[in-house]
Amino acid sequence: MSTATVPVERRLRLPRPRIDWGIAVTTLLLATLVVVDLSLQPALADITQIGLLVQTALPLLFVAAAQTLAVLVRGIDLSVGGVFAVANTMTAVWVGAAGGNHQLLLLAVLVAGLAMGAINGVLIAGLGFQPFIATLGTWTAYGGVALMILPSDGGAVPLVLTSILNGTVAGIPASIVIVAVLLLAWRVLRTSRFGTQIYAVGDDEERARLNGTPVRRVRLLVYALAGLCAAVGGIMLAGATSTGSPTAGDPYILMSLSAVVIGGTSLRGGAGGVGLSVMAAFSLILISDIASAMNLDVWVSVAASALLLLVMVTARALVERRAEGRTP
Amino acid sequence: MSVRGATLLAAAVAGALTLSSCGSGDDSGGAGSGGGSGKRHEIVLSNNYMGNEWRPQMVNVAKFVAGSADYRDKVKLDVRISDATPAAQIQSLQSVIRKKPDAIMIDAASATALNPTLEQACKAGILVFSFDQVVTAPCAYKLPQDYEAQATDAVNWLGTQLKGKGKILMDTGLPGIPLSETYVKVWKKVLAEKYPGIEVVGTFSSQYAPGPELQGVSAQLARNPKIDGILSGAYVASDIKALKQAGRPMVPMTGLDFNGGQKQCATEKLKCFFIGAPAFVSGMAIERIVKVLDGGQQPKQEVYFDTNYVSEAGQIDFPHTQKLETLKAGENYYPDGADSLVTPISFGAHDITAADVLGK
Amino acid sequence: MRLLKVAGLRKSYGAVDVLRGVGLEARGGEIHGLLGENGAGKSTLMKILSGVTRADAGSVTLDGEPLTLGRPTASTAAGVRTVFQELSTLPQLTVAENLLYGAEPTALLGHVRGRRLRDQARELLARFGLERIDVDRRLGTLALGDRQLLEVVKALRETPRVLILDEATSALSAEDSAWVLGQGRRAAEAGAVVLLITHRLAEVRAHAERVTVLRGGDDVLAVPTAEADDDELIAAMLGRRVERLYPRRGGAPAGPLLRVSDLSVGDRVGPLDLTLHEGEVLGIGGLQGQGQRELLMALGGAVPWSGSARLRDAPYAGTSPKRAIADGVTLVPEDRQREGLLLADPVARNLTVGSLPRFTRPGGLIDAAREATAAAAQATQVGVAHDRLGSPVSALSGGNQQKVVLGKALLADPSVLLLHDCTRGVDVGTKAEIFTLIAELADRGVGIVLYSSDLSELANVCDRVLVMAEGRLVGEVPSGELSEEAILRLAVGSVPDRAEVAA
Amino acid sequence: MTRLRAPRIHLSTVSAFALCAVLFVIATLHASGFASGDNVRQLLVFASFVGFAALGQTLVVLSGGMDLSVPWLMAFGGIQLSHWATGGMPGGAAIALVVLVGALIGVVNGVGVAFLRIPPIIMTLAVGGLVQAYLLSLGLLDSSGKSPVPAAAVSAASDRLGPLPIVAWVWLVVAVAVGLLLSRSAAGRRIYAVGANEEVARLSGIDVARVRLAAYALSGAAAAFAGVILAGYVGNTYLDIGQPYLFASIAAVVVGGASILGGHGTYWGTVAGALTLTVLSAMLPLFHLSDAGLKVVYGVVILLGVWLSQSGGELLARVRRRATISPEPPHSPEVTTSAP
């Protein structure tokens, strides 16, 4: 084409409104539910009570965080249920049975979680399995491992763990502090170079590669981290219940996926975040809390959760489509 | 536009929830005032699973007893059903504890996982009464069934029937739950100690559901040309069906006391042993709770010895620890009743009908 | 003097040799043009240089030092920067995150310092006179042209030793192209080796001091640009001389075929009126992104539109591609890989997927024999070899893929054909074939609406050209007055200069 | 000229059947009774449950989706059938009606996915929840003394016709029909096209929404039917009756060589996958593994099966694709989604 130096044409660019709809919708949902729950149960307006409620939410929050990581790199992790169960039973059987150095043994449980996640990562990033399929297989396998460790509910969780979980830090229940730590850890991860790489890989793998991102390594690490998070979830449940269960993880698989989606992390990867999922997961907990406070028939609360999922996803899609429609 | 949309949505959600909460608030308010005037004990039944046939019948019996003439004025029963995980039941319990009812009766998702929460309830002055799947929390009253005794009686019956010799199939139940673990442990131990001539040639996992039991037994039958007995903790009806489908002769079988299996064993004169697991244990729990709340005495732990059933009186020829009865139509099984009924239906002075149990 | 030396590079995928020992010498301080048909190996060569693809054999040296091949990070460390044709920027990240990707200012524990990051990004943009771009915006919300400019900014973040512009201007407007090439010139003046890969001969002629031509995985010509004329270069690319790129037309447009009035697409396009005549090739011109895509998509039923239209004597609804195709209006969409082809499916299936009802027996089953015959006949018409009918369409070269998309459209037997930039990224030989096909179709009475980003195509292929700006028709260049200048004048003359407004 | 179907599809189907055969031989070598007519018939019956549950799953996956509502639709098939049949509706009519309503529930899935653009996993998860809620509200327990399942369903699931159980014949007929639908019909072409690239399909004049609706509707109908025959086989119904089939239906599809991303795969592959899974779970107990060990082996073998059936076909295709894509890089999405 010619080198004609025509006057430069620039399209008119309006300043974009700075509201992030994803965050707004999720926050609004959580706030609404908190208000409703508090108005239903005035007794809940107490830091100890809130701490207890958060404690029951902890396992789901961590599994949701794990799921979010996998979804951010355009994957999915069904094996969180298995990793959760292995960590849970390990805590109740091995850590509990051993005397003395519980901290070191708990560390070993975390390493086991990391390792199981890394196996997922190798299958997916190394051998090219579809995440859904790879983790479908490892979920079953890890579930079997958990059964080997502990054939049925029981075991003894070290008292240290239970008392930490039930304790307070500067008057604030430990469970709330743990959530704060989770969010802080996420914030550190998100703002690190590795965090940017996670989003880059989820956004567009090929382009991330063109930019020099070690895509496989990032994927592998992300799945390993997801394993770690799921394992923490398992430990949290062990602490809250002072017992282990080889089947405790499975219900969290689809629930965590719901939380991720309600929170607004895109299943297509690259957008969203752990913070959003944590809020959404807590919303799910609040819904069942509200359902039990209102003493709803079981089918009503099942239907309500399903409807909420639909409403949130549809609303989000509509709001986003609107918002997209306005950007140039 | 979008701002408004989102706000409207939130408002709608909030509105709907508040409205429905108001509705229920009125409800409980009314009941509360009734309790204030009539001194009704507020009892909350905490259940965590509805997926099989036993739990809904258990819940229905509780409702029936609470609404019966004797208890109508004494008891206000709330039923809370959570998801089938300890975490979900803990959460549900916490909202119960916040309301401070007089008693919580609980069929627990786990023997141990709920202990910390139940201790809280006790501390809050709530009477905790566990039944069926009992908990180990020291402060809770317990009305357990004796799984070990049940399992021992069942395997002794089969051993006697087979005269200590033969090839059998064994049910491993639902991997991961205490009941199955106890059954399998006892069965293996008793077989090894008392009946070395009986060989377990195949196992299957009934998962306490008719489908998997049928599939499991069928698969094992196809592979084992000779089977002399089936040691199961679940559905005799499924075993019968599997044997019939495979064109095999009937063999001695054990299972839970569901009407379907009992009907068939009684009418076809089959050798069957039924472990008693009555759904009315919830009604027994209510009776005991009211007794305690009214100031009566109740042991912290009362083992409920179930009545087990066999098809014919002549089969009773083995060392047993639990009560044992033969099947009698209309008494402990119902020829015209639904297959899914847990028998017997009624207990004590109550006159509970099949329709009550099935919630019709 | 800096020197990039490529020697004996080989690369094959399975049985296909993509590079057969390519050699290349390019000097610092110059822009070095790289020409070649699709499949000549240009992009593979560039991918090897930038470390994205591993070579089977051969060496690359920069100033005598061997370059480690096969890892993007190694190439980057050696100072090789590439502006990719397919953008490498990440739409979900912000402008700042993109610009400094991999070079973020970090504190302890790899924590990225957000404010520093944004400041550095702003400085970087200021260096290139692009202060108007907001560094906090998600990149995906920027216009395509801006994203391409940022691609260049990112490549020039640090002074490169080798700068590769891989079709970097193919999707850009004239002035953005000029800007990019200007940056290339500046990099060259700073001593970098600049490789310019393009389909536009004129661009090479205007900007490159030297040119290397690749053909079939070999380098076939390397000369100073001034010493070769266009015919010579084209001949080198094709291995033969092309008589004429643009065919002579036989017939002339007849009566009106498609009449559209008050067409609007959302608030972006229209309202506009246009009439297409039988046997007419109606060009749509204008700067990039002025609503041409929406117009064509709307006419093809692919996006909702309002207004009214008549096809011959009947009203034309165009509510979905399905209806449009049934009515005889068929669209050849912009992006053949994402909108035109089922890449993993065989060529034959791709040809027939748009006209399945024609091969469906009353029971719903497909008449395989008829389908195969029709596919073969269509392949002949568009010039795709029969032995490729069974192989996945992804195994074809870009030009052949485009022919398949055209074949698919033609198999639906359209009376109106909407062509969206159907020669973009297509080699010269295939271009000529496509233009011949267009001429034949027009001669048979098919009405053709053709949008092209290439002015010379519009000027040489169309009967008349409508020019669009900001979603409206701003003028018409009638048949007698067609020239690149006339079209360009309308395109830029009617648009107010908004540069100041935006700043 | 006749090579219109890509050969790699057949390749993965063949390798899935091969895996099944290998497992069968291993099991037979270990226990000769495994190859007995009785056992094979049993396996066919069990496999047919997976086969029907995975039928709709196959269509949905091929069209680029996923159906997590399958287990709840199976429960619906059984429970609603028994509800209507014990209420006095003739068995045949009740079965037909249950399957029809199953299809309608599938349509709801389809509407969410096709029109509201809700991710399939989420939409079907939510609809499954709603079906579950409905079943819970039914009260679940039937009070009549009659068999809760109509005789027609019982006989279809338990009786034999010639050498094979009736349900196996039905499965064979359905498999042939679905095989034809996918490989020879225009509808099948549309499903593949939508799964391979929705936008290409749309611009090629395919009504994408209609294809998706049809796929989910068929999935709903097939799952409900699977529930009917499963209830007929068990002779009883209960809420969790479909639970094992969520995992199994998806695993059968992928072990059968279909791409979870849509666009390629065959129902015959799924048939092979269903048989493989059934043989696997039937043979593992022969090796006297504990339930725990069994689970571990099951998971590993599934991964192995998927790898075998997909790596063969897919790697080949990928190599072939890369061979010619690379000289000319694919356009990036950005080029096309350019906002004006």
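Numbered from 1 within each chain, the chains take letters A, B, ... in sequence-line order. Because only heavy atoms are used, hydrogens play no part in the values below, and waters and symmetry mates are left out as well, while side chains stay in.
- Only the side chain of Ile325(C) comes within contact range of chain D, judged by heavy atoms closer than 4.5 Å.
- Of the listed residues Lys322(C), Gln292(C), Met46(C), Lys408(C), the one with more heavy-atom pairs under 4.5 angstrom with chain D than any other is Lys322(C).
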Practice item. I would like to know whether Arg338(C) and Glu198(D) meet salt bridge (Lys or Arg N to Asp or Glu O under 4.0 Å); could you show each step before the answer? Key: CA-CA 9 Å; Arg338(C) 282 175 38 89; Glu198(D) 181 180 342; over 6 Å; no
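- Closest heavy-atom contact between Ala302(C) and Leu203(D): CB-CD2, 3.4 Å.
- Contacts of Leu341(C) with chain D are made by backbone atoms alone, with heavy-atom separations under 4.5 Å and no side-chain atom involved.
- The minimum heavy-atom distance between Ala186(D) and Leu356(C), with the atom names listed, is O-CD1, 4.0 Å.
- How far CG of Asp335(C) is from CD of Glu199(D): 10.0 Å, rounded to the nearest 0.5 Å.
- Looking at every heavy atom in both residues, Arg189(D) comes nearest to Ile366(C) through CG-CD1, 3.5 Å.
- Considering only heavy-atom pairs separated by less than 4.5 Å from chain D, the leading option among Thr330(C), Leu342(C), Thr360(C), Leu45(C) is Leu342(C).
- Residue Arg370(C) places its CZ atom among more than 12 non-hydrogen atoms of other residues, nucleotides or ligands, all under 6.0 Å distant.
- Within the 4.5 Å cutoff, the side chain of Val353(C) has heavy atoms near those of the Ile206(D) side chain.
- For the atom pair CZ (Arg361(C)) and OG (Ser185(D)), the distance works out to 12.0 Å, reported to the nearest 0.5 Å.
- Neither the backbone nor the side chain of Ser320(C) comes within contact range of chain D, judged by heavy atoms closer than 4.5 Å.
- A cation-pi geometry, defined here as NZ or CZ lying under 6.0 Å from the six-membered ring centre and within 45° of its normal, holds between Arg349(C) and Tyr192(D).
- Your options are Ala412(C), Gly354(C), Ala409(C), and the one with the most heavy-atom pairs under 4.5 Å with chain D is Gly354(C).
- Within 6.0 Å of the CZ atom in Arg472(C), the count of heavy atoms belonging to other residues, nucleotides or ligands does not exceed 12.
- Only the side chain of Thr352(C) comes within contact range of chain D, with heavy atoms under 4.5 Å apart.
- Between Leu411(C) atom CG and Ser204(D) atom OG the span is 11.5 Å, to the nearest 0.5 Å.
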